[in-house]
Amino acid sequence: MSSLAVREMRWTDLQEVAMLERVLYPESAWSAATWWAELAQRPARRYVVLESEVAGGSGPIAGYAGLTMTGRSADVMTIAVDQALRGQGWGSVLLSTLHAQAARAGAEEVLLEVRADNRAALALYAAHGYRTVSVRRGYYQPGAVDAIVQRHELSGGDGPPDDRRDSEGG
């Protein structure tokens, strides 16, 4: 894996995140205004970025993820990794980070919607134990692509590997 770190998204990240979003999802990218509105809803909305670590500080943002807390449930709002870094496990790191945040906030489950044609995301979610609960026909526009709604039950072991502790002194 490259030298990257996950940290909380800051207001100063929004322009860069919006630019990466436009590159990754040109047909459905969130606007800068949408990102501002999302971040303004903290603590109910929680967002993190995947940032390059370079000598003397931080580098470009290489990914991001976020969720909404709604009591015992959390909903993944977005998760994305720069094309150049896909297939290296960073999506899993971001998803595990969201799971840990949701668990710390008292959520018992995490829900999400994924495009039916996004095989990489479907594989990621399956590897994390997500199960399909329903399908929303023609949900994603343009293209009328189905949305697959999935659910994951949180357990005490959810979270990034470096956040996991054994029960005997952790």
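Sequence positions, counted from 1, serve as the residue numbers for this chain.
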| field | Gln101 side chain to Thr97 backbone, donor-acceptor under 3.5 Å | value | no

| message | Between Leu94 and His99, does the side chain to side chain contact (heavy atoms under 4.5 Å, CB included) criterion hold? Intermediate values first, please. | response | CA-CA 9 Å; Leu94 287 169; His99 287 172; over 6 Å; no

| message | How close do Ser73 and Ala107 get, counting heavy atoms only, and between which atoms? | response | C-CB, 4.2 Å

| request: Rounded to the nearest 0.5 Å, what's the gap from CG on Leu85 to CG on Leu50? Could you check? | output: 7.0 Å

| said: Quick one: does any side-chain atom of His128 pair with a main-chain N or O of Leu95 as donor and acceptor, under 3.5 Å? | reply: no

| task | For Asp117, check side-chain hydrogen bond (donor to acceptor under 3.5 Å, both in side chains) against everything at least two apart and list the hits. | result | Arg115

| Glu21 and Ser28: which non-hydrogen atoms are nearest, and at how many Å? | OE2-O, 4.2 Å

| said: Which heavy atom of Leu4 sits nearest to which heavy atom of Ala62, and what is that distance? | reply: CD2-CB, 4.3 Å

| Gln15 atom CD, neighbour heavy-atom count above 12 within 6.0 Å | no

| remark: Closest non-hydrogen contact found for Ala74 with Leu67 is CB-CD1, 4.3 Å

| task | Quick one: do Arg131 and Gln150 satisfy side chain to side chain contact (heavy atoms under 4.5 Å, CB included)? Show the steps, please. | result | CA-CA 5 Å; Arg131 302 288 179 250; Gln150 296 192 324; over 6 Å; no

| request: List the steps and the verdict of side chain to side chain contact (heavy atoms under 4.5 Å, CB included) for Val149 and Arg151. | output: CA-CA 7 Å; Val149 179; Arg151 178 178 180 269; over 6 Å; no

| said: Among residues at least two apart in sequence or on other chains, which ones pass side chain to side chain contact (heavy atoms under 4.5 Å, CB included) with Ala127? | reply: none

| remark: Excluding Leu111, membership of its hydrophobic cluster (Ile, Leu, Val, Met, Phe, Trp, Tyr; side-chain heavy atoms within less than 4.5 Å) reads none

| remark: Tracing side-chain contacts under 4.5 Å among Ile, Leu, Val, Met, Phe, Trp and Tyr outward from Leu24 reaches Met9, Trp11, Leu14, Val17, Leu20, Tyr25, Trp30, Trp35, Trp36, Leu39, Tyr47, Val49, Ile61, Tyr64, Met77

| field | Closest contact, heavy atoms only, Ala116 versus Leu122 | value | O-CD1, 3.6 Å

| How would you list, by chain and number, every residue that makes a salt bridge (Lys or Arg N to Asp or Glu O under 4.0 Å) with Arg137, sequence neighbours excluded? | Asp146

| query | If you look at every heavy atom in Val81 and Gly91, which pair is closest and at what distance? | reply | CG2-N, 3.8 Å

| task | Determine yes or no for a side-chain-to-main-chain donor-acceptor pair under 3.5 angstrom, with Ser52 supplying the side chain and Pro60 the backbone. | result | yes

| Where at least one partner belongs to residues 24-47, residue pairs that pass salt bridge (charged side-chain N to carboxylate O under 4.0 Å, His left out), sequence neighbours excluded | Glu8-Arg42, Glu38-Arg45

| note | For Tyr139, the hydrophobic cluster (side chain heavy atoms closer than 4.5 Å, chained through members) also holds Tyr140, Val145

| request: Quick one: list whatever passes side-chain hydrogen bond (donor to acceptor under 3.5 Å, both in side chains) with Thr70, sequence neighbours left out. | output: none

| query | Run the side chain to side chain contact (heavy atoms under 4.5 Å, CB included) check on Tyr130 and Leu124 step by step: do they pass? | reply | CA-CA 9 Å; Tyr130 279 81; Leu124 170 67; over 6 Å; no

| note | Sorted by chain and residue number, the salt bridge (Lys or Arg N to Asp or Glu O under 4.0 Å) partners of Glu16 (sequence neighbours excluded) come out as none

| task | Under the side-chain hydrogen bond (donor to acceptor under 3.5 Å, both in side chains) rule, collect the residues that match up with Tyr125, sequence neighbours excluded. | result | none

| Any pair counted as salt bridge (charged side-chain N to carboxylate O under 4.0 Å, His left out), so long as it reaches residues 69-97, sequence neighbours left out | Arg72-Glu108

